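This report concerns only the one structure given below.
Values below: all heavy atoms of this structure, side chains included; hydrogens, waters and symmetry mates excluded. Since this is a predicted model, take the numbers as computed values, not measurements. Every chain is numbered from 1, with letters handed out A, B, ... down the list of sequences.
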Amino acid sequence: MKQFEFDTQEEFIAKLKEIVDAGVKSEFITTLTPFHVHEVDHIFKTRPSELRYFTLLGAAAGFILSFMFMVFTVMDWPIITGGKPLISIPAFIIVAFECTILFGGIVSLLGFLHLNRLPDIRRIIDPRECGNKFLIIHDMGGGK
Amino acid sequence: MEKRKNVTGEEGMKTQAFYGQVELDVIRAMKRPGVFYWIALGASILAFGGGMTLWGYQVLKGMGVAGITHPVGWGVYITNFVFWVGIAHSGTLISAVLFLFRARFRSAFNRIAEAMTVIAVMTAGLFPLIHLGRVWRFYYLLPYPNQRMLWVNFRSPLIWDVFAVSTYLTVSVIFFYVGMVPDFAAARRHFTGIRRRIYSILSLGWEGTTDQWRHYSRLYMFLAAFATPLVVSVHSVVSWDFAMSIVPGWHSTIFAPYFVAGAIFSGTAMVITLTIPMRKVLKLEKYITVDHYEKIAGVLLVTALIVSFSYIVEILMAAYSGNIFEKTVFYYRMTGDYKYFFWLMMFCNVVMPLTLFNRKLRRNIKYLFVFSLFVNIGMWLERFIIIVTSLGREYIPYSWGTYTPSLIEIGITVGSFGMFFTFFLIFSKVLPMLSISEIKEQGVGNETI
Amino acid sequence: MRPLEIKGVPKIIQVLAAAFLVGAVDFLSAERSDGSMLIALLFWACVGQGIIALSAAAEVASGKWIKNIRPYLLDYYPYLAIFPIVFLVYSRHITIYAWNTGEGYWWSPSFFIIRNTAALLFPLIMARYYARSLEKESPRIKLFAGLYLLSFVISQSFMAFEIVMSLEYPWVNTLFGGFFFVESLYAGIAFSVLLAGLFKRRDVECFFPAFKDLTVMIMGFALMWAGLFYSQYLVIWYGNIPEEVSYIAERMHIPAIKNMGLYTLLSLFLVPFLGLISRKMKADARVVSAAALSVLSGLMVERIIYIVPAVQINIIPAALPLAILGIPYLYSMIVQYMSLSSPPVEN
Amino acid sequence: MRRRDFFKMMSIASGAALTACKIDNADRRLLPYLVPPEDGIIPGTPRYITGTCLECTASCGLRVKIRDDRPVKLEGNENHPINKGKLCMRGQASLSRLYNPERFTAPMLKQKDGSFKAIGWEEAVKVFRRAMDDVKGKGLRNVFLSGLTTGTLDGFIDGFCGETGLDRLKEVEVMDYGPIKGASRRLFNRSLLPTYGIDRADVLITVGADLLETFLSPVEWHAQIGEARSKNSFKWFHIEPNLSLTGAASDLRIPCKPGSEPYLLAFLLKNISLCSGLPAGILQQIPGVTKKEVCESTGIGGENIEKLVESLEKSQRPLVISGGPSIMGRNGDITAIYTLLLQWSLGMIGRTVDMQHGFSADRVGTMDDLYGLKAAIEKNTVGLVLFSRFHGYDTLPHLFSFLEKVSFKVVLSQVPSGLTRQCDLVLPLAHPLESWGDTEPRRGLRCLIQPAASPLGEAKSEGDILSALSGKGFSVSYRDYMIEVFKSGGIDEEWVSKGFKIDDTTADNGAAKEILNWEKEIKLELPGGVYKGETLYIIPSIRGFDGRSMDIPLLREIPDPLSSISYGRWLTISQQLAQRLKLEMGDIVEVEMAVEPGLEKALLRLPAYINPGLPGGVATLYMDCLGDMDLSVGENAAFSMFCREGAVLRKTGERERLAMLSASQITGKRHILPDEEENAVNRHNHKKGHSTLYPEHEHKGYRWGLVIDLDACTGCSACAAACYIENNVPIVGLKEHLKGREMSWLRIEGYYNDPLKPEFIPVMCQQCDNAPCETVCPVFATYHNPEGLNAQVYNRCVGTRYCANNCPYKVRRFNWFDRSHSLPLFSAFNPDISVRPRGVMEKCMFCIQRIRAARDKAGDENRSIMDGEVITACAQTCPANAITFGNLLDVNSRVYALAMSKGAYRVLELLGTEPAVYYIKRKKNAE
């Protein structure tokens with residue numbers, strides 16, 4: 001278990017590169033940074049976040065379900081208003097659209113929490129503080 | 001990677017000093033409210049309470065205590081609703097749209113703007129309830145299985161409103177909160193006791209590990225991508241509350257884009273109105289700079305031009321079509337009982353913005369402040385005129401009419417401002433006013449798209 | 001250094017030739033094809049003005065990416081001269097306008113012709129100033145860019161309200177003008193994407209950012225177009241006022257046109273939006289160019305829908321002017337493509 | 001409404017419910033109807049009895065709808081010879097008198113301090129007799145003063161006065177048709193008030209006579225004119241110095257200078273060949289006037305005069321009637337005489353003018369009689385006055401101010417009024433719907449008055465009271481008296497069921513055949529010139545009659561059709577006058593009226609309403625707007641009460657907001673009223689072309705529709721009144737009206753596109769097929785029901801008011817406040833339809849409760865509803881028969897035929913709302 005601290009992003013990146021080049025797998029390395037350092041992703045060659053699947057799912061579900069629901073309601077008790085057709089698609093699209101975004105947004109949030117295992121009670125109680133420093137925590141379990 | 005100026009002003013890499021400085025500045029803004037603050041807060045709460053009381057009175061006595069009549073069934077309440085929804089819009093615009101356009105200057109405003117959005121939407125959401133004849137039956141508007149065996153009418157623009165506004169509120173809150181998670185993590189370091197505990201809970205145990213950041217920026221991007229069409233759709237829906245009807249002066253295809261532009265126009269103005277005094281009081285000048293204001297003023301100018309275009313087209317089309325009903329309405333607007341409002345509106349929303357072509361004025365903070373106030377007035381009047389004059393001059397001359405707001409309505413309007421500022425002042429002391437992590441990442445100073 | 005000037009054939013010749021040909025076709029073509037020129041005019045004016053508008057807009061918003069392709073876009077501005085001429089020729093068909101019999105100063109045919117010709121000339125002049133100021137690197141570039149945009153908006157609005165909408169007087173649609181210039185911008189983007197696509201195939205490094213942004217923009221505009229289209233349709237559908245509805249209803253009742261309508265939805269929204277939603281697609285110049293083409297075709301079909309029930313057209317005489325007015329653009333594109341062997345040095 | 005009143009009303013209601021038919025206080029326990037009693041009162045099902053309307057002197061036949069012993073609606077008696085099943089707005093509204101919370105429930109005695117104390121009947125009678133006696137002691141006269149009295153009551157009162165030694169004076173009606181009676185007296189020695197047979201006439205010339213508003217028997221005239229119009233040969237000219245609904249309804253309205261009528265009539269008498277049949281003596285006396293002179297003095301165009309002469313020449317059965325303002329002024333008498341001469345010489349008498357069955361007005365006196373009484377009182381030879389049905393005082397208090405000098409005054413009255421406050425003893429009079437009686441509006445016709453409810457508290461019918469006063473006590477009821485009068489059959493079943501009976505025994509045969517005394521000097525020369533300066537006419541109004549009806553709240557709530565002003569008082573002035581005085585609507589005007597020397601000038605201060613149709617130089621004021629204004633003229637005949645020549649109007653600079661419900665009285669080309677070119681095209685253009693994106697929707701069995709014939713509609717507003725009562729529409733009062741918050745479901749819009757002839761169009765919910773209001777409702781509170789009604793479900797409504805905004809016809813009404821406790825009071829409510837709570841939208845639904853009832857009935861007999869089986873309240877009461885209701889899907893129905901007939905159109909057809917209300921306008925305006 002080794003821990004490196006850096007004051008500037010550049011040194012941090014340099015060190016990280018060095019460690020990874022030394023052949024340490026990224027899953028044995030944890031970095032803590034005060035903001036998102038995109039270079040880290042490039043170094044680790046991580047795949048883009050799986051979050052997008054959640055988002056897509058939520059959005060699609062939102063659209064389809066809400067539309068089906070609206071159709072159900074007008075079929076459940078068909079009431080003519082203003083001579084408009086019972087299933088008046090132009091009108092329904094709007095609510096469907098809103099629901100798409102609503103569900104999309106909520107599901108993405110849930111997805112995010114799930115992927116990051118948040119909220120994390122342990123960390124809430126005593127978080128690992130890095131102040132404004134850039135940390136590299138190298139779990140010696142793997143690599144040399 | 002382009003050059004960055006840090007707080008101490010000299011060129012170079014970002015340093016620990018810089019990070020610390022940023023945090024300290026923002027956190028300082030969250031501490032030690034001054035006398036001013038308490039006075040302002042007290043006044044707001046007073047107004048808020050007053051407004052609520054008047055509403056109670058209206059509920060007990062009946063809608064009649066308001067000035068609305070036949071045929072002008074909608075008045076100040078709906079005007080306020082549209083106004084506040086409009087205010088809410090710039091929030092999302094600044095944080096989401098500009099985020100997508102990679103416009104860096106957003107980071108100066110986005111947190112404040114988002115807060116404004118959330119609060120304004122809550123305020124706006126109140127007015128449809130206030131204007132209900134039987135507010136104690138408001139739940140009839142929600143589609144839930146009930147003993148009346150009745151669902152809601154999804155063909156009604158008002159139901160679209162229910163969905164649009166609630167969606168907008170939810171998504172804005174999520175967006176707002178997600179943006180703050182890392183900052184809570186930063187904030188918890190600077191407090192002790194109960195506040196520390198609250199912030200750590202709110203931060204959900206955020207640490208800023210690689211994966212967290214990876215998912216985080218993705219989430220933020222998605223939310224922004226959602227919020228952008230949402231802004232447009234929500235105010236389009238609001239505009240369709242009018243455009244769907246066949247009321248002359250309401251039934252117009254241009255309404256959706258016209259209202260969206262108008263909303264952003266008024267909202268951006270409100271951002272200016274709020275931030276200018278705030279940056280003074282909270283000493284955030286170095287984060288919210290004149291360059292930022294110049295850019296915001298640019299947004300104002302563009303939207304103002306779109307709005308003006310719509311005005312002109314509307315009026316010209318009324319004349320062009322030769323449709324007697326349309327002509328009546330617009331003639332009435334320009335010469336009728338509300339002509340002064342109309343021309344004042346024209347001045348605020350069409351003439352004044354032209355001054356922003358002048359770069360000096362765009363960079364003149366004082367001027368912008370005054371200007372933004374005018375815009376707020378102008379946009380409020382715009383909604384008022386659209387609603388009242390159109391209803392006042394409909395198809396049947398026998399039942400034309402005019403409308404004068406009653407004191408109740410005015411009181412409740414004042415109350416709504418009270419509500420808005422109450423929440424806003426509280427926010428300004430409880431939550432980080434600037435996006436700390438973002439500023440750390442980007443530094444401050446001028447940068448371009 | 002500007003490719004076309006090296007390769008001779010002054011633009012003015014092309015312009016006059018094109019206008020002349022179109023005029024000829026129109027005069028020779030059968031009785032029942034008043035619209036043949038109209039479509040050509042509407043479509044190419046939409047594209048032509050849009051191209052310049054795009055660069056002007058980027059100029060005003062001080063977008064960096066525009067710098068590299070701007071000169072190529074501005075190459076096309078002289079073609080704006082075609083449209084006033086074509087309109088003048090077209091104006092002999094003025095009798096097809098429903099209001100033609102109507103009285104009132106505004107409705108006098110001569111005034112109609114004058115104001116619309118002016119509206120078509122205005123952008124040409126402004127574009128010229130803009131281009132010049134660019135060559136001279138004068139500090140007032142942004143000003144002229146802005147002025148061009150103004151002229152562009154006015155011109156497109158006039159085209160929408162006067163030349164197209166008033167065909168079915170008293171049908172009124174206040175968004176029409178706005179819709180037109182957004183579409184024109186859309187067309188401009190699509191066209192520029194084609195250019196950028198070409199450059200990309202030639203692996204001219206400095207065009208990549210432009211290409212990237214333009215593809216995103218296409219998606220954005222697809223969405224925007226859908227929004228504007230929808231907010232017109234919805235209002236008319238919902239209001240159900242015969243005077244308005246009949247415009248749509250009539251077209252719905254002609255199967256051919258109904259299908260055309262579906263095609264526009266497909267080509268202007270679904271293809272560019274869904275087609276480009278994934279990263280890989282965005283990166284592939286072929287796909288993007290295809291999308292751009294579908295957009296342009298969609299816009300053309302849409303213009304046919306606008307005018308057809310009001311105006312008689314036959315396919316052949318309708319297609320010819322379209323083709324003719326297209327030649328200068330195609331020609332310039334090819335020339336530019338060739339000229340890339342020596343990519344211009346940009347600061 | 002005050003809480004106390006509310007309890008009072010409830011007590012009436014329950015009291016009524018308790019005592020089914022017999023009027024006694026025997027048993028006060030509430031018993032449910034376990035077995036339906038034989039008299040057929042079943043809870044929840046209405047029962048109908050006949051009756052007679054006493055709101056004005058026409059006495060139309062009533063059909064009283066009774067629910068659980070409570071009259072809830074008055075409808076016309078179909079078979080009645082006068083009104084043929086129709087009622088005017090006053091008749092409709094008169095029901096609410098029964099439920100007036102201020103009614104007297106016991107005799108009231110004035111105390112020293114001027115307050116009133118309730119006393120028992122015995123004491124009341126004692127007081128009365130004591131007063132009588134000590135008056136007799138003083139050797140003064142006791143006087144009985146009443147309004148028009150007919151039927152058995154007439155004789156009864158004679159008897160009463162005989163016994164008690166009261167002398168009965170000439171009856172006082174503000175509108176004595178003096179000149180008409182006078183004319184017949186001077187020509188025939190009989191003061192007769194003839195009835196007219198307009199339906200028998202082919203040319204009708206009315207000179208000022210406001211047939212459709214107040215003239216003698218308006219509802220009857222409505223029906224007759226409709227009848228006459230069905231023969232298309234019929235032509236109707238109306239000559240008037242003012243503007244009236246009658247003029248608007250006539251085929252040709254000819255405005256004339258005030259007081260100039262005699263010139264025209266003289267010209268006619270001289271220039272129509274038949275008139276040469278007049279006795280030479282008379283002919284000589286009629287001065288000759290050239291056409292030019294006539295044109296100048298009357299201001300009538302030559303061509304119109306030609307038309308009149310020509311049509312009278314051609315006509316087989318002409319009819320000339322003069323009345324209203326034309327017989328008010330000092331030229332009134334001569335106008336009446338010339339008219340009578342025309343009638344006689346053109347052989348109208350006996351054909352279109354019926355002298356045998358004249359209106360019974362013999363006892364009604366004139367101004368002179370009144371001055372007689374005044375003199376007597378001033379000489380104080382009068383001790384006690386007993387008033388009954390005496391309306392004059394409340395219309396013109398100053399005119400009767402001399403009554404205050406009388407030492408002891410007794411009055412029979414239902415509600416407190418100016419007069420009752422004057423009196424020393426007030427005896428509670430029962431409402432006609434609570435008492436027995438009969439009327440004889442004209443010779444040969446007897447109408448029955450029978451109780452529909454038990455009297456309120458101690459109130460008694462006039463007959464009962466009088467017999468009590470004469471010392472008989474209440475032992476013999478007035479009903480017994482009547483039975484004994486009509487020995488033959490008494491009050492037989494037939495009479496009770498039909499509500500009227502005809503016996504020609506009373507007809508005045510051999511009346512007015514020959515001009516008896518022509519050789520005697522009849523002054524026939526023309527009056528010296530036409531009135532100078534402004535002329536102010538004080539005329540009866542369709543809402544208030546001579547002012548007596550104005551204490552009915554509903555009649556103030558429903559606007560005056562000509563001005564669309566509801567509450568308040570106003571002076572109608574002409575555009576010309578307004579321009580001269582630079583007046584705007586609502587500017588307060590000071591009117592100074594000429595009076596005879598010695599009296600101080602009479603002043604009026606009123607806000608001005610500018611009417612485009614009123615001839616120049618004329619101002620009109622409704623009698624019900626008089627309030628306590630001083631019209632005193634002195635006794636000089638040169639100054640007539642209601643037509644004030646040379647009135648001087650001044651602008652005061654003050655303003656007052658008029659409660660004018662119409663924002664604009666001009667439509668422009670708004671597709672509300674069809675203009676000429678639209679007349680030409682077939683107005684059902686909505687089926688042509690592709691004008692909608694919506695699918696057609698089916699209607700199950702019925703598609704209810706309404707057709708309104710604008711050619712027939714006179715704007716009389718009876719429909720509005722009926723609607724208010726049938727549907728429990730709340731009355732909201734002046735304050736709300738000024739805000740524009742009237743609640744009327746059905747309104748009469750008057751438009752002056754042609755100032756000569758205003759047009760009226762009744763507007764109610766148009767029950768659109770593609771209703772704009774429906775789609776925008778978020779909660780389905782309003783929707784399109786399978787029978788084509790635009791149903792409004794009050795319980796679902798949350799009150800967004802979007803529907804009202806989006807209704808192009810502006811017929812939706814929002815409940816701004818809780819009205820459920822205000823007038824009409826609980827007992828008057830129609831139990832078949834809910835009272836709407838505050839915060840919900842309401843509107844016309846074609847009287848859905850009636851449709852429902854009919855459907856149930858039809859369902860029981862398993863058949864479908866027949867044409868004409870259901871009829872909306874408005875259609876039912878419309879005196880002009882202008883409204884037809886029915887099923888548009890049934891191609892054989894009357895409504896279908898009319899809707900598809902030529903000239904049928906729908907308001908704002910260009911919006912594609914596909915209304916179910918059709919309007920018919922065939923006649924071009926001003927033709």
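- Taking 4.5 Å as the limit, every side-chain heavy atom of Thr210(B) sits out of range of all side-chain heavy atoms of Thr33(A).
- For the options Lys133(A), Arg122(A), Lys84(A), heavy-atom pairs under 4.5 Å to chain B are most numerous at Lys133(A).
- Proximity to chain A is absent for every atom of Phe175(B), based on heavy atoms less than 4.5 angstrom apart.
- Contacts between Pro229(B) and chain A at a heavy-atom distance below 4.5 Å involve backbone atoms as well as side-chain atoms.
- There is no contact between Phe103(A) and chain B, counting heavy-atom distances below 4.5 Å.
- Heavy-atom minimum distance, Ser108(A) versus Phe226(B): OG-CE1, 4.1 Å.
- Comparing Ile137(A), Thr100(A), Thr55(A) by heavy-atom pairs within less than 4.5 Å of chain B, the highest count is held by Thr55(A).
- Arg155(B) contributes a side-chain N or O that, together with a main-chain N or O of Leu86(A), makes up a donor-acceptor pair within less than 3.5 Å.
- For chain B, the option among Leu32(A), Leu135(A), Ile101(A) with the highest count of heavy-atom pairs below 4.5 Å is Ile101(A).
- When Leu150(B), Val171(B), Val178(B), Val152(B) are compared by the number of non-hydrogen pairs under 4.5 Å with chain A, Leu150(B) comes out ahead.
- Neither the backbone nor the side chain of Asp126(A) comes within less than 4.5 Å of any heavy atom in chain B.
- In this structure, Glu98(A) and Val237(B) have side chains that are in contact, with non-hydrogen atoms separated by less than 4.5 Å.
- The nearest pair of heavy atoms linking Ser437(B) to Pro34(A) is CB-O, 3.9 Å.
- Ser203(B) does not touch chain A: none of its heavy atoms, backbone or side chain, sits under 4.5 Å away.
- The neighbour count for Met149(B) CE, taken as heavy atoms of other residues, nucleotides or ligands under 6.0 Å away, does not exceed 12.
- Separating the NE2 atom in His215(B) from the CD atom in Glu50(A) is a distance of 5.5 Å, to the nearest 0.5 Å.
- Proximity to chain B (any heavy atom under 4.5 Å) is shown, for Phe54(A), by neither the backbone nor the side chain.
- Two residues are said to be in side-chain contact when any heavy atoms from C-beta on lie closer than 4.5 Å; Leu219(B) and Leu115(A) fail this criterion.
- In this structure, chain A has a heavy atom under 4.5 Å from the side chain of Phe222(B), while its backbone stays farther away.
- Your options are Pro119(A), Pro90(A), Ser66(A), Ser49(A), and the one with the most heavy-atom pairs under 4.5 Å with chain B is Ser49(A).
- Note: Trp151(B) CH2 to Phe72(A) CZ = 5.0 Å, rounded to the nearest 0.5 Å.
- Shortest non-hydrogen contact noted between Trp160(B) and Val95(A) is CD1-CG2, 3.7 Å.
- Separating the OG1 atom in Thr209(B) from the CD1 atom in Ile29(A) is a distance of 13.0 Å, to the nearest 0.5 Å.
- Of the two parts of Arg197(B), neither the backbone nor the side chain holds a non-hydrogen atom closer than 4.5 Å to a non-hydrogen atom of chain A.
- Ile106(A) touches chain B through backbone and side chain together, each having a heavy atom under 4.5 Å away.
- With rounding to the nearest 0.5 angstrom, the CZ atom of Phe154(B) is 12.5 Å from the CD1 atom of Ile94(A).
- Taking all atoms of both residues into account, the shortest heavy-atom contact from Gly105(A) to Leu223(B) is CA-CD2, 4.1 Å.
- Between chain A and the residues Met221(B), Arg218(B), Arg189(B), the most heavy-atom pairs under 4.5 angstrom are made by Arg189(B).
- The shortest distance between side-chain heavy atoms of Leu118(A) and Gln212(B) falls below 4.5 Å.
- For chain B, the nearby part of Leu113(A) is the side chain; its heavy atoms alone come within less than 4.5 Å.
- By number of non-hydrogen pairs under 4.5 angstrom with chain A, the leading residue of Tyr177(B), Tyr216(B), Tyr168(B) is Tyr216(B).
- Residues Phe163(B) and Leu102(A) form no side-chain contact, since every pair of their non-hydrogen atoms from C-beta on lies 4.5 Å or further apart.
- Heavy-atom distances place no part of Ile436(B) under 4.5 Å from chain A, backbone and side chain included.
- Residues His38(A) and Glu441(B) have side chains in contact (heavy-atom distance under 4.5 Å, counting atoms from C-beta outward).
- Contacts between Arg117(A) and chain B at a heavy-atom distance below 4.5 Å are absent for every atom of the residue.
- In this structure, the separation between CD on Glu207(B) and CG on Asp120(A) is 7.0 Å, given to the nearest 0.5 Å.
- Using a 4.5 Å cut-off between heavy atoms, Trp213(B) touches chain A through backbone and side chain atoms alike.
- In this structure, chain B has no heavy atom under 4.5 Å from any part of Val37(A).
- For Leu230(B), the parts lying under 4.5 angstrom from a heavy atom of chain A are both the backbone and the side chain.
- Taking all atoms of both residues into account, the shortest heavy-atom contact from Asp7(A) to Tyr19(B) is O-CE1, 4.2 Å.
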